[in-house]
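Encoded as structure tokens, the structure appears first; notes follow it.
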Amino acid sequence: MHRSNILCRITGVLKTSCSHRHQHTNTQATIIDGKKIANEILKNLKAEVEDIVKAGKRAPCLTAILVGDNAASATYVRNKMVAAKKVGISSDTIRLPTETSQDKLLEEVNKLNNDEKVDGIIVQLPLPKHIDEQKVFNSVLRTKDVDGFSASNFGLFSLNMCALAPATPLAVHELILRTGIETKGKNAVVCGRSKNVGLPIAMLLHSDTHGDILGMDATTTICHRFTPPDQLTHYLQNADIVVSAVGIPNLIQAHMVKKGACIIDVGISHVKDPSANQFKLVGDVDFENVSKVASFITPVPGGVGPMTVVMLMKNTIIASRLNSS
């Protein structure tokens with residue numbers, strides 16, 4: 001039986017099933033279909049919300065704050081709201097102009113903190129340069145911080161205690177567990193050290209199972225964009241599990257990867273496709289060639305991305321229970 005993706009043991013167990021896999025005829029690797037797994041989890045989350053409503057409580061509520069007119073950010077927020085609707089979570093988006101002051105943004109966050117009808121708060125990144133991101137994240141009430149970016153949640157998480165954790169690391173955690181990848185005592189390399197993605201992924205991989213976090217007991221190494229190429233290759237060639245979250249197209253090449261490794265590609269970059277004269281999404285991994293060496297691999301798009309949105313919905317449901325207790 002797979003363990004739940006939920007880091008806080010008191011919140012219950014998410015229903016799981018066998019992993020979804022399909023084989024590409026010209027590759028060795030099994031392709032981990034994040035979109036298919038995400039859709040199945042969404043059905044389970046919808047049932048959870050229906051149970052909450054049947055118990056006489058209101059549906060969980062998620063509110064996003066979008067500052068500025070970044071088209072990609074608007075798309076990300078829209079996708080989150082679409083997912084919320086599928087699950088039965090009520091949602092709202094507060095749009096603020098680019099010139100919004102930090103004090104004004106903090107004021108909006110405080111209003112949501114004090115609104116008993118709001119369970120989860122998202123402050124969509126990136127924020128304008130004149131705003132201190134971490135100060136804004138820290139202003140979000142811990143039990144409503146569904147992004148898991150506040151210092152209070154991150155501190156609890158790092159101490160192996162009950163916390164709302166960032167959605168992308170949760171997505172990676174869930175994909176590895178559902179695919180049945182053995183992690184205990186295995187060598188793992190995380191490429192990327194950001195406080196919202198790379199670092200918490202590494203913490204999940206190396207954590208033990210004696211606290212609130214359902215850790216994975218791997219021996220974990222963190223690399224990043226300034227790790228010399230020869231050293232990066234050295235670490236990768238000894239890694240049973242590779243998670244890359246750097247945002248550098250084709251950073252991970254086939255010759256760098258241990259045969260039979262599990263590859264989780266979190267990176268997202270827009271590159272020009274000469275054959276179609278348009279831009280396309282790619283990850284950090286040279287998918288075509290690495291998939292001939294690896295045992296499991298996630299595609300971009302269609303891998304970690306859909307799962308990240310699902311984990312955000314799960315965090316919102318957890319937050320609704322925390323705020324109603």
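For reference, positions follow the sequence shown, starting with 1.
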Please check if [X] and [Y] belong to a single hydrophobic cluster, counting links between Ile, Leu, Val, Met, Phe, Trp and Tyr side chain heavy atoms closer than 4.5 Å.
X: Met256; Y: Val242; value: yes
X: Leu66; Y: Leu312; value: yes
X: Val77; Y: Ile89; value: yes
X: Phe154; Y: Leu141; value: no

Testing the 3.5 Å rule here: is there a donor-acceptor pair between the side chains of Asp265 and Thr298? no
Is it true that Asn153 and Asp145 share a donor-acceptor pair across their side chains at a distance under 3.5 Å? yes
Okay, side chain of [X], backbone of [Y]: is any donor-acceptor separation there less than 3.5 Å?
X: Thr179; Y: Ile176; result: no
X: Ser90; Y: Pro60; result: yes
X: Ser269; Y: Gly247; result: yes
X: Asn187; Y: Asn238; result: yes
X: Asn315; Y: Val146; result: yes
X: Asp284; Y: Pro249; result: no
X: Asn113; Y: Ser139; result: yes
X: His130; Y: Thr100; result: yes
X: Ser73; Y: Asp69; result: no

Does any part of the side chain of [Y], heavy atoms only, come nearer than 4.5 Å to the side chain of [X], both counted from C-beta?
X: Arg225; Y: Ile248; answer: yes
X: Thr93; Y: Thr63; answer: no
X: His255; Y: Asn289; answer: no
X: Lys46; Y: Glu50; answer: yes
X: Met307; Y: Glu174; answer: yes
X: Gln102; Y: Lys135; answer: yes
X: Thr219; Y: Lys186; answer: no
X: Ile264; Y: Cys262; answer: yes

Looking at every heavy atom in both [X] and [Y], which two are closest together, and how far apart are they?
X: Val197; Y: Ala245; value: CG1-CB, 3.7 Å
X: Val190; Y: Gly198; value: CG1-O, 3.6 Å
X: Pro200; Y: Pro169; value: CG-CG, 3.6 Å
X: Leu175; Y: Gly34; value: CD2-CA, 4.2 Å
X: Ala254; Y: Val290; value: N-CG2, 3.6 Å
X: Thr98; Y: Gly68; value: OG1-CA, 3.2 Å

Given Thr168 and Val266, is the side-chain contact (heavy atoms from CB on, under 4.5 Å) satisfied, shown in steps? CA-CA 8 Å; Thr168 299; Val266 185; 3.6 Å; yes
CA sep, side-chain torsions, deciding dist, call: Ile32, Ile297, side-chain contact (heavy atoms from CB on, under 4.5 Å): CA-CA 6 Å; Ile32 304 173; Ile297 192 168; over 6 Å; no
Hey, could you give me the [atom1]/[atom2] distance between [X] and [Y], rounded to the nearest 0.5 Å?
X: Thr183; Y: Asp240; atom1: OG1; atom2: CG; result: 10.5 Å
X: Phe296; Y: Ile181; atom1: CZ; atom2: CD1; result: 4.0 Å
X: His206; Y: Ile222; atom1: NE2; atom2: CD1; result: 8.5 Å
X: Thr227; Y: Leu232; atom1: OG1; atom2: CG; result: 6.0 Å
X: Ser320; Y: Ile318; atom1: OG; atom2: CD1; result: 9.0 Å
X: Ser324; Y: Arg321; atom1: OG; atom2: CZ; result: 8.5 Å

Let's go through Glu40 and Arg178 carefully: what are the C-alpha distance in whole Å and the side-chain angles of both, what is the deciding distance for salt bridge (Lys or Arg N to Asp or Glu O under 4.0 Å) to 0.1 Å, and is it a yes or a no? CA-CA 12 Å; Glu40 180 172 297; Arg178 283 179 173 256; 3.7 Å; yes
Run the side-chain contact (heavy atoms from CB on, under 4.5 Å) test against Ser295 and tell me which residues pass, sequence neighbours left out. none
Is the closest basic N to carboxylate O distance between Glu48 and Lys43 below 4.0 Å? no
Between Lys104 and Glu108, is the closest basic N to carboxylate O distance under 4.0 Å? yes
If you link ILVMFWY side chains whenever their heavy atoms are less than 4.5 Å apart, which other residues fall into the same cluster as [X]? By chain and number, please.
X: Ile268; value: Leu281
X: Tyr76; value: none
X: Val300; value: none
X: Val140; value: Ile65, Val67, Ile94, Leu96, Leu105, Leu106, Val109, Leu112, Val118, Ile121, Val123, Leu125, Leu127, Ile131, Val136, Phe137, Phe149

Would you mind listing every salt bridge (Lys or Arg N to Asp or Glu O under 4.0 Å) that reaches into residues 112-127, with sequence neighbours excluded? Arg58-Asp119
Tell me whether the count of non-hydrogen atoms from other residues, nucleotides or ligands lying under 6.0 Å of CG in Asp51 goes above 12. yes
